[in-house]
Amino acid sequence: MDDLRTLREWRAEVPEPDGQWLVPQRRRLLDRMRRRRRSLALRLVAVAAAGAAATAIAVVVLPGGPSGTEPVAVPSTTVPLDSGMVLAKAAEVAGGRGATSVPEPTQWQYTRVLDKQPNSDEAETRESWTRYDGKQTAGYDENGRLRVQDVPPDPGDDDLSPQQYDAKLRALPTDPKKLLAKVTKDRHWIDYPREEGVPKSAEPDADRAFRVIMLYLSRYGTMPPRLESAMFEALALIPGVRVESGVTDAAGRTGLGVYREGRDEIHRRYHILDPDTYHYLGERTVWLQDERVGGNPEPAFRKGSVWAIALLDSVIVDRPGERG
């Protein structure tokens with residue numbers, strides 16, 4: 001039930017165009033985009049939604065260190081969009097959805113995920129069922145048999161059942177500013193287990209708010225429309241939130257990649273939204289520079305490595321084994 005622990009492993013390489021060619025192209029692209037008016041920006045969102053082939057070269061440049069090392073440039077085929085306009089449109093679409101009902105405690109949350117790790121040429125499909133009250137989980141074993149297991153209570157209350165997620169979700173305010181303050185200062189999310197080796201107290205408020213809102217949006221199946229709309233509006237209030245079109249998940253679906261820009265990024269983690277419905281599609285993490293682990297001189301993950309997740313199904317069903 002720890003959604004944050006499913007997102008970890010990575011590696012694959014992409015070719016690098018010459019940096020002297022890429023940087024001027026990026027400058028021209030950004031200058032062009034700054035001059036565009038609101039109508040053109042909205043048209044870009046529509047183009048992304050239709051899956052049109054609008055291709056440009058975007059370069060991520062990391063500042064050099066005190067020794068004067070060269071910036072790191074990473075090629076991409078994504079197109080930067082006006083994040084405020086995209087999130088405003090997402091809020092409008094989400095607010096117009098039909099109302100959702102609260103699942104019964106004995107119903108099940110079914111999830112099917114496609115995981116494309118960098119070290120593998122094939123994507124792995126994982127599916128699971130969790131009873132809404134969190135008392136049982138189910139899945140198919142290696143012999144194709146459905147196994148149902150009881151889940152003991154968690155004395156630390158670190159992991160929330162689907163029903164507990166739902167209760168926390170529906171108690172959130174629908175005013176964007178109040179919502180942002182709530183998810184930022186909620187003690188559960190401050191104390192919630194995060195990346196291994198990173199002190200919980202070291203997480204900036206803006207990072208926490210972005211993390212929690214994206215986690216809630218990934219559970220869109222039971223999201224009240226007004227609250228989902230407020231979440232997109234709250235995202236627009238978080239400093240450094242950016243949106244790019246042309247970001248693909250592990251299933252090859254192209255969507256809008258939402259991320260929070262950080263300093264000295266080793267990798268960039270996109271949360272991908274469907275360009276029509278703004279439902280959550282999955283994630284894509286791209287390494288912006290080599291990363292070494294445990295003092296090993298060889299990089300564990302090389303610049304350009306990609307790890308992708310696709311959320312293929314997230315629905316409520318009546319029994320384990322049912323797929324909706």
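Just so you know, residue 1 is the first one in the sequence shown, and it goes up from there.
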(message) Before you tell me yes or no, could you show the steps for Lys168 and Asp186 under salt bridge (charged side-chain N to carboxylate O under 4.0 Å, His left out), namely the whole-Å CA-CA distance, both residues' side-chain angles and the distance that decides it to 0.1 Å?
(response) CA-CA 10 Å; Lys168 287 183 73 69; Asp186 188 331; 2.9 Å; yes
(request) Answer with yes or no whether the side chains of Tyr110 and Glu127 bring together a donor and an acceptor at under 3.5 Å. (result)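 The answer is yes; a qualifying pair exists.
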(request) Decide side chain to side chain contact (heavy atoms under 4.5 Å, CB included) for Leu172 and Met231; before the verdict, give the C-alpha distance in whole Å, the side-chain angles of both, and the deciding distance to 0.1 Å. (result) CA-CA 10 Å; Leu172 291 172; Met231 287 195 174; 3.7 Å; yes
Point-to-point distance, once rounded to the nearest 0.5 Å, from [atom1] of [X] to [atom2] of [Y]:
| X | Y | atom1 | atom2 | result |
| --- | --- | --- | --- | --- |
| Glu203 | Ile190 | CD | CD1 | 9.0 Å |
| Leu180 | Ile238 | CG | CD1 | 5.0 Å |
| Leu179 | Thr174 | CG | OG1 | 8.5 Å |
| Ser245 | Leu81 | OG | CG | 4.5 Å |
| Asp82 | Lys89 | CG | NZ | 14.5 Å |
| Glu244 | Ser83 | CD | OG | 10.5 Å |

Can we say [X] and [Y] salt-bridge, meaning some charged N sits less than 4.0 Å from an Asp/Glu carboxylate O?
| X | Y | answer |
| --- | --- | --- |
| Arg170 | Asp166 | yes |
| Lys135 | Asp150 | no |
| Asp175 | Lys177 | no |
| Arg284 | Asp249 | no |

(request) Could you go through the salt bridge (charged side-chain N to carboxylate O under 4.0 Å, His left out) check for Arg323 and Asp313 one step at a time? (result) CA-CA 8 Å; Arg323 293 184 171 89; Asp313 280 306; over 6 Å; no
Taking the side chain as C-beta and beyond, is there a heavy-atom pair between [X] and [Y] under 4.5 Å?
| X | Y | result |
| --- | --- | --- |
| Tyr280 | His271 | yes |
| Leu217 | Phe232 | yes |
| Glu283 | Ile272 | no |
| Arg242 | Pro80 | no |
| Tyr165 | Thr222 | no |
| Val306 | His267 | no |
| Leu281 | Leu273 | no |
| Arg112 | Thr125 | yes |

Taking all heavy atoms of [X] and all of [Y], pick out the closest pair and write down the distance.
| X | Y | value |
| --- | --- | --- |
| Pro275 | Thr254 | CD-O, 3.7 Å |
| Glu228 | Arg97 | OE1-NE, 2.8 Å |
| Thr184 | Ala209 | OG1-CB, 3.4 Å |
| Ala90 | Tyr278 | CB-CD2, 3.4 Å |
| Arg145 | Asn143 | NH2-ND2, 3.0 Å |
| Ala91 | Ser229 | O-OG, 2.9 Å |

Is there a chain of hydrophobic side chains (I, L, V, M, F, W, Y, each step under 4.5 Å between heavy atoms) that links [X] to [Y]?
| X | Y | value |
| --- | --- | --- |
| Val247 | Leu114 | no |
| Val315 | Val113 | no |
| Trp108 | Val151 | no |
| Leu312 | Trp307 | no |
| Ile316 | Tyr216 | no |

(message) Taking Arg302's backbone N and O only, do any of them form a donor-acceptor pair with Ser305's side chain (distance below 3.5 Å, no angle check)?
(response)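 Flag set: sc Ser305 to bb Arg302 pair under 3.5 Å.
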(message) Checking the side chain of Arg253 only, and the main-chain atoms of Thr248 only, is there a donor and an acceptor separated by less than 3.5 Å?
(response)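 A pair under 3.5 Å: no.
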(request) Can you establish whether the number of heavy atoms outside Asp121 located under 6.0 Å from its atom CG is more than 12? (result)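 No, because the 6.0 Å sphere around CG of Asp121 holds 12 heavy atoms or fewer from other groups.
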(request) Might you confirm whether atom CZ of Arg226 has over 12 heavy atoms from other residues, nucleotides or ligands at distances under 6.0 Å? (result)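 At most 12 heavy atoms, drawn from other residues, nucleotides or ligands, come within 6.0 Å of this atom.
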(message) Is there a side chain to side chain contact (heavy atoms under 4.5 Å, CB included) between Gln109 and Tyr132? Walk through the geometry before answering.
(response) CA-CA 6 Å; Gln109 174 85 47; Tyr132 217 67; 3.8 Å; yes
(request) Fit a plane to each ring of Trp287 and Phe301, take the angle between them on a 0 to 90° scale, and name the class: parallel (under 30°), tilted (30 to 60°) or perpendicular (over 60°). (result)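 The rings of Trp287 and Phe301 sit tilted, inter-plane angle from 30° to 60°.
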(message) Test side chain to side chain contact (heavy atoms under 4.5 Å, CB included) on Gln107 and Glu322; report intermediate values, then the result.
(response) CA-CA 11 Å; Gln107 289 185 295; Glu322 186 178 349; over 6 Å; no
(request) Please assess Lys303 against Glu291 for the test salt bridge (charged side-chain N to carboxylate O under 4.0 Å, His left out), listing each intermediate value before the final yes or no. (result) CA-CA 8 Å; Lys303 182 178 69 175; Glu291 182 177 12; over 6 Å; no
(message) Pair Glu265, Arg269 - check salt bridge (charged side-chain N to carboxylate O under 4.0 Å, His left out), show working.
(response) CA-CA 10 Å; Glu265 292 177 294; Arg269 179 177 171 187; over 6 Å; no
(message) Using side chain to side chain contact (heavy atoms under 4.5 Å, CB included), reason through Trp129 and Thr137 one step at a time and then give a plain yes or no.
(response) CA-CA 6 Å; Trp129 289 262; Thr137 61; over 6 Å; no
